[in-house]
Amino acid sequence: MSAPAAASPAAASAEPAAASTNAATAPIDLGVIEADSGDDDSALGSGVDTDTTSLSSTLQDYVFENGRRYHRYLEGKYPLPNDETEQDRIDLHHHICLLSAGGNITFAPVQNPQRILDVGTGTGIWALDAAETWPSAEVIGTDLSPIQPTWTFANCRFEIDDAENTWTWPADHFDLIHSRFMAQTIRDWDKYLGQIYTHTKPGGYTEIVEIYCDIFCDDGSLPADGALRKYYNKWNELAEIAFGRKQPLMDEYIRDVEKAGFVDVKCYKRRQFLSPWPKDPVLKQIGRYGLLNIQTGFHAYGMALFTRLGGMTVEEATAMCEAAAVAGADVRQHCYNKIWFIVGRKPGGSDDN
Ligand SMILES: C[S@@+](CC[C@H](N)C(=O)[O-])C[C@H]1O[C@@H](n2cnc3c(N)ncnc32)[C@H](O)[C@@H]1O
């Protein structure tokens, strides 16, 4: 879990977008990324792994569907699987975040934090990293799914809880509340941010990390009617129905975090490449992990929405996911997603004295 080498200037040193500027709506301003011309066309050997998981009637905690395993507690609330394939993907996505943040587990400038909450902790990989980074802190990770390790650091524990319930933590309690890749599952985003604000200590921080689930390309190498475009169009159409809103843009996230009461809100903008197409070595490394991510990621994100809501057969949905994974692996298509690390401080505490 140790941090990887520092990211290149292009990956890690772009200035944060200040909340007060309108830069938030502008395209990401890292410039056009130079593509490496030396690779084979496809960085992916085969399509998405669609191996099925065997069903056991003794497993009461899970729902099995389309060869994937989903959470049973509050069944259907979160449309991504929680099986081992997905747990591996979450862990490598954590590594992409570390690489994107220059090896840091957070952009929040916390000093010696003593209480840390990681909401929707997944496999608990960020919480474990936080517990290792700050051994004197108590770190708590919560999730709908019981997929966290039973072995943890002594200062880290996990709880099964719905983040949309009313939180029972004391007010003004945590030095840092971390929330990553949760916007697609939380229905009442304002209430969620309000609870994060209430339970953050005055002077403490929140970091909200979100990926914008759409495909971007700056040099025209993405075919307009290709498999990636089709996948993201369909996914966004269905996600809007499932979650009752369009996914927020960066300036909307910033606005919402400010509206909750946080100040000094900054957004650190990064790119997640779908394959190792960039020439820059650190960006290429992010692309290598990005390629691993999409090998199962399109399937994880797509199957429940496409079949439960989109009326597709399993075969149609699988084909759409596989086609996107194959296109994403084509290093001639210079594509990326956007990741935003949004940090805010709760007023009060020694900084305001
Ligand atoms: C995409 S994963 C991200 C995991 C982790 N935050 C990370 O970045 O490594 C989203 C996680 O949020 C959890 N989740 C979704 N809705 C939730 C809710 N209402 N309350 C608690 N956890 C939730 C899911 O079970 C899943 O583990």
Side-chain angles (χ1 to χ4, degrees), residues 1 61-63 68-101 104-107 116-131 139-149 152 156 158-169 176-196 199 206-213 235 239 242-244 247 270 272 289 292-294 296-305 337 339-342:
M1 266 174 289
D61 291 334
Y62 301 114
V63 174
R68 303 302 301 258
R69 192 188 75 183
Y70 295 84
H71 67 99
R72 167 78 72 191
Y73 173 57
L74 299 178
E75 183 179 336
K77 182 160 189 154
Y78 175 64
L80 271 70
N82 66 7
D83 50 29
E84 296 221 347
T85 304
E86 176 64 0
Q87 292 175 40
D88 288 348
R89 192 193 67 78
I90 287 175
D91 286 350
L92 83 87
H93 212 180
H94 174 67
H95 198 61
I96 290 173
C97 291
L98 287 179
L99 282 170
S100 303
N104 301 305
I105 64 166
T106 178
F107 283 102
I116 299 172
L117 178 64
D118 184 29
V119 194
T121 194
T123 60
I125 192 163
W126 185 92
L128 288 164
D129 255 7
V139 183
I140 301 169
T142 63
D143 204 283
L144 287 177
S145 278
I147 55 170
Q148 301 74 38
T152 73
C156 183
F158 299 110
E159 297 181 4
I160 300 308
D161 199 7
D162 178 3
E164 299 209 81
N165 282 341
T166 300
W167 296 7
T168 53
W169 318 108
L176 174 62
I177 299 184
H178 179 257
S179 166
R180 192 165 67 186
F181 308 140
M182 293 295 284
Q184 299 305 322
T185 177
I186 300 294
R187 269 58 168 188
D188 190 341
W189 186 242
D190 287 344
K191 177 181 173 194
Y192 179 70
L193 290 178
Q195 300 215 77
I196 290 179
H199 298 278
T206 190
E207 184 178 66
I208 310 289
V209 185
E210 292 300 335
I211 190 159
Y212 191 74
C213 294
W235 191 88
F243 305 118
Q247 54 175 327
R270 297 294 183 267
Q272 179 177 309
Y289 283 100
L292 286 172
N293 184 45
I294 64 167
T296 62
F298 284 121
H299 193 262
Y301 272 77
M303 286 305 286
L305 283 184
N337 305 119
I339 304 189
W340 301 319
F341 298 76
I342 297 154

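Indexing begins at 1, ligand by ligand and atom by atom, following the structure's order. The analysis underlying the following values was restricted to heavy atoms, covering all of them including side chains, and did not include hydrogens, waters or symmetry mates.
When only interatomic distances are considered, the shortest N/O to N/O separation between Thr121 and ligand 1 does not fall below 3.5 Å. In terms of polar-atom proximity, defined here as any N/O pair under 3.5 Å, Arg180 does make such a contact with ligand 1. Residue Leu80 has no nitrogen or oxygen atom sitting less than 3.5 Å from a nitrogen or oxygen atom of ligand 1, judged on distance alone.
Nearest protein heavy-atom contact of atom 16 (N) of ligand 1 is Thr185 OG1, 2.8 Å. For atom 20 (N) of ligand 1, the nearest protein heavy atom (residue, atom name, distance) is Ala163 N, 2.8 Å. The protein non-hydrogen atom at the shortest distance from atom 10 (C) of ligand 1 is Tyr78 OH, 3.2 Å. Ranking the protein heavy atoms by distance from atom 27 (O) of ligand 1 puts Asp143 OD2, 2.7 Å first. Nearest protein heavy-atom contact of atom 21 (C) of ligand 1 is Asp161 O, 3.2 Å. Of the protein's heavy atoms, Met182 SD, 3.2 Å lies nearest to atom 12 (O) of ligand 1. The nearest heavy-atom contact from the protein to atom 22 (N) of ligand 1 is Leu144 N, 3.3 Å. Protein heavy atom closest to atom 4 (C) of ligand 1, with residue, atom name and distance, is Gly120 O, 3.3 Å.
Defined by atom type and a distance below 3.5 Å, a donor-acceptor pair is missing between the side-chain atoms of Ser145 and Tyr78. Checking His299 against Arg68 by side-chain atom types alone, a donor-acceptor pair falls below 3.5 Å.
Considering Glu207, His94, Glu210 as possible partners of Arg180, the one that fulfils the side chain to side chain donor-acceptor pair (under 3.5 Å) test is His94.
Using bins of under 30°, 30° to 60° and over 60° for the plane-to-plane angle, the ring pair His178/Trp126 lands in the parallel bin. A tilted orientation is assigned to the rings of Phe243 and Trp235, their planes being inclined by 30° to 60°.
A distance-only check finds a donor-acceptor pair linking the side chain of Gln195 to the backbone of Trp167 [under 3.5 Å]. Under the 3.5 Å distance criterion, the side-chain polar atoms of Gln87 are matched with a main-chain donor or acceptor of Asn82. When atom types are taken as modelled, the side chain of Glu164 and the backbone of Asp188 share a donor-acceptor pair closer than 3.5 angstrom.
Residue Lys77 approaches ligand 1 through these ligand atoms, each under 4.0 Å from one of its heavy atoms: 19 (N).
Look at His71 and you'll find every heavy atom at least 4.0 Å from all atoms of ligand 1. The closest approach between any non-hydrogen atom of His94 and ligand 1 is not below 4.0 Å.
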Item to complete: Determine, stepwise, if the pair Glu86 / Thr123 fulfils side-chain contact (heavy atoms from CB on, under 4.5 Å).
Response: CA-CA 9 Å; Glu86 176 64 0; Thr123 60; over 6 Å; no

Practice prompt. Applying side-chain contact (heavy atoms from CB on, under 4.5 Å), run through Arg89 and Thr85 and close with a yes or a no.
Written response: CA-CA 6 Å; Arg89 192 193 67 78; Thr85 304; over 6 Å; no

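Distances from atom 19 (N) of ligand 1 to the heavy atoms of Asp118, Ile211, Asp162 put Asp162 nearest.
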